[in-house]
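Just below is one structure, and these are the notes that go with it.
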Amino acid sequence: MQTAAPAALPAGESAPARAPLLIGVPKETVPGEKRVATVPDVVAKLVKLGFAVAVESGAGDASNFSDDTYRAVGAEVVPDAPQLWSRADIVFKVRPPTPAEVQLLREGATLVGFVWPAQNPELMQQLAARRATVLAIDALPRQLSRAQKMDALTSMAGVSGYRAVIEAANAFGRFFNGQITAAGKIPPARVFIAGAGVAGLAAIGTAANLGAIVRANDTRAEVADQVVSLGGEFVKVDYEEEGSGGGGYAKVMSEGFQQAQRDMYAREAKDADIIITTALIPGKPAPKLITADMVRTMKPGSVIVDMAAEQGGNCELTEPGQAVVKHGVTIVGYTDLASRLAKQSSTLYSTNLLRLAEELCKAKDGRIDVNMEDDAIRGLTVVKDGQITWPAPPPKMPAAAPKKAAAPVAAPKGHGHGASEPMSGKSLAIVFGVGALLFLLVGLYAPASFLSHFTVFVLACFVGYMVVWNVTPSLHTPLMSVTNAISSIIAIGALVQVAPPLAGSGTDRPNQLILGLAVFALALTAVNMFGGFAVTRRMLAMFRK
């Protein structure tokens with residue numbers, strides 16, 4: 001049986017506009033999770049993209065976003081989760097959905113959030129059975145520069161690194177910064193950070209700003225400059241091996257490197273008051289960096305914050321989700337560090353999802369296009385219309401620009417040489433010969449008074465060149481160095497004219513015109529020289545905290 005063709009529309013009438021897709025934001029059900037996938041400010045921007053937004057009642061309460069704030073920006077507040085999940089075309093979440101939530105998901109709907117496909121194969125099968133399209137924000141190809149605005153892993157890692165230092169300060173029994181008080185001297189805390197990725201760098205900056213002495217290590221040698229720029233000291237493992245992996249992560253190192261790394265950690269553990277570990281490779285258990293023996297060598301009252309606790313922890317004694325005291329050391333294994341700054345984390349995360357929505361809805365018509373030809377979207381898409389598409393092929397990176405061939409060095413003409421080569425003995429002799437001839441002619445024919453002034457002028461030029469002009473400028477520009485050299489020559493000459501003649505020297509005091517010009521030149525030179533010092537001080541102040 002054939003289906004009837006749709007009736008033609010009357011002339012002059014257009015097809016009815018399609019309804020915008022509904023984005024649903026459910027309340028997170030994982031115990032202790034306080035974040036919400038979308039905040040009111042972002043809801044207003046999603047509405048401008050043409051979407052309708054529905055939020056489950058109470059979804060933002062733990063992040064200090066009330067239902068009324070969502071209503072004020074155009075969102076619908078839905079009383080319960082089943083109604084929200086059954087109506088939503090697109091679901092924005094933070095944590096991976098539970099099996100019960102997957103059953104509530106509408107068939108053919110789109111899910112956006114953290115999924116961790118490598119760790120959750122059963123969840124992937126359940127989502128595929130619902131014929132869903134799943135965009136896993138944790139699968140974003142982070143090596144693509146245009147994907148940085150959607151990089152929720154980086155956003156959450158930065159918050160977690162900051163919060164790790166706050167948790168360490170809470171458990172630590174002293175100040176971070178050193179102080180000298182009437183009651184005695186307080187030494188600064190010594191903080192060692194294992195791993196200088198996004199979370200580690202955030203922890204380094206926070207601890208350094210609190211006044212601690214910060215040391216850090218990472219398998220990737222290229223992050224050493226970033227550690228130093230944030231106020232830390234990079235501790236190098238005495239073993240040569242490249243540690244960079246794909247996508248901005250570190251790679252699994254050889255056994256020889258790991259042994260040298262353990263030896264270094266053992267030395268650092270004895271001196272550190274606080275250790276913060278961040279080492280984690282996606283899809284693999286957290287490497288054990290801090291052994292029980294290292295914990296025993298730490299000073300009583302020390303603190304370890306294990307940021308890899310959710311994947312087993314970098315410390316052998318970590319208990320995920322708990323803060324415990326073992327061998328006199330407090331070991332913090334919280335798995336919800338980002339959630340402990342819920343308002344900040346929710347704001348950053350929802351902004352990442354907004355940028356993703358902008359990529360999916362470039363027409364701003366409330367409809368999405370999951371373009372599998374786009375490397376960033378292809379990397380995010382782990383299930384497409386019920387078909388598992390994870391893992392994605394490596395993104396096509398732009399080819400490196402070919403290196404320009406070095407320009408051939410022109411051969412020197414005649415007896416001359418390049419600017420970087422020293423002058424030959426013959427050329428030097430010619431220069432000195434010409435100079436001596438000029439001095440002889442001046443001495444034979446110039447009056448004695450001119451000869452004395454000329455000698456002072458030559459000596460002043462020589463001194464100015466050697467003392468000022470010939471010094472490589474650091475904070476000054478070469479132009480400032482030249483002007484300072486000239487100013488010093490003028491100042492010396494003016495002082496000679498202004499100074500009273502010595503008794504019995506037979507030298508007359510200069511006339512009033514020369515004296516006035518000398519005083520005026522001295523004033524201008526002083527302004528120039530002191531102005532140079534003022535500019536230098538302002539430039540130095542730019543580099544001070």
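Below, each value reflects all heavy atoms present in this structure, side chains not excepted, and no hydrogens, waters or symmetry copies.
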Donor-acceptor under 3.5 Å (R106 side chain, R87 main chain):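 Yes; judged by distance alone, with no hydrogens or angles, the pair exists.
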
Heavy-atom donor-acceptor pair, S345 side chain to A342 backbone, under 3.5 Å: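 Not a single qualifying donor-acceptor pair exists.
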
Over 12 non-hydrogen atoms of neighbours within 6.0 angstrom of [atom1] in [X]:
| X | atom1 | value |
| --- | --- | --- |
| F175 | CZ | no |
| Q387 | CD | no |
| K364 | NZ | no |

Salt bridge flag under 4.0 Å for residues [X] and [Y]:
| X | Y | value |
| --- | --- | --- |
| D151 | R142 | yes |
| D293 | R296 | yes |
| E359 | R355 | no |

May I ask you to test the [X]-[Y] pair for a side-chain heavy-atom distance under 4.5 Å?
| X | Y | answer |
| --- | --- | --- |
| V295 | I290 | yes |
| L135 | L360 | yes |
| L380 | I137 | yes |

Can you sort out the partners of L123 under side chain to side chain contact (heavy atoms under 4.5 Å, CB included), two or more places apart, ordered by chain and number?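 Listed in chain order: P96, P97, V102, V115, N120, Q126, L127.
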
With rounding to the nearest 0.5 angstrom, report the CG to CD1 distance, L353 to I23.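 Result: 9.0 Å between the selected atoms.
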
Where at least one partner belongs to residues 199-217, residue pairs that pass salt bridge (Lys or Arg N to Asp or Glu O under 4.0 Å), sequence neighbours excluded: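 Only R215-E233, R215-E268 qualify under salt bridge (Lys or Arg N to Asp or Glu O under 4.0 Å).
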
Option among R95, R35, K93 that satisfies the salt bridge (charged side-chain N to carboxylate O under 4.0 Å, His left out) test with E28: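 Running salt bridge (charged side-chain N to carboxylate O under 4.0 Å, His left out) over R95, R35, K93 with E28 returns exactly one hit, K93.
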
Indicate whether the side chain of [X] and that of [Y] have a donor and an acceptor atom separated by less than 3.5 Å.
| X | Y | result |
| --- | --- | --- |
| S63 | S346 | yes |
| D306 | Y334 | no |
| S339 | D336 | no |

So, F114 versus Y349, ring centres under 6.0 angstrom or not?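 That pair passes the under 6.0 Å test.
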
Of all residues at least two apart in sequence or in a different chain, which pass the side-chain hydrogen bond (donor to acceptor under 3.5 Å, both in side chains) check with T29?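 In terms of side-chain hydrogen bond (donor to acceptor under 3.5 Å, both in side chains), with neighbours along the sequence ignored, T29 is linked to E101.
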
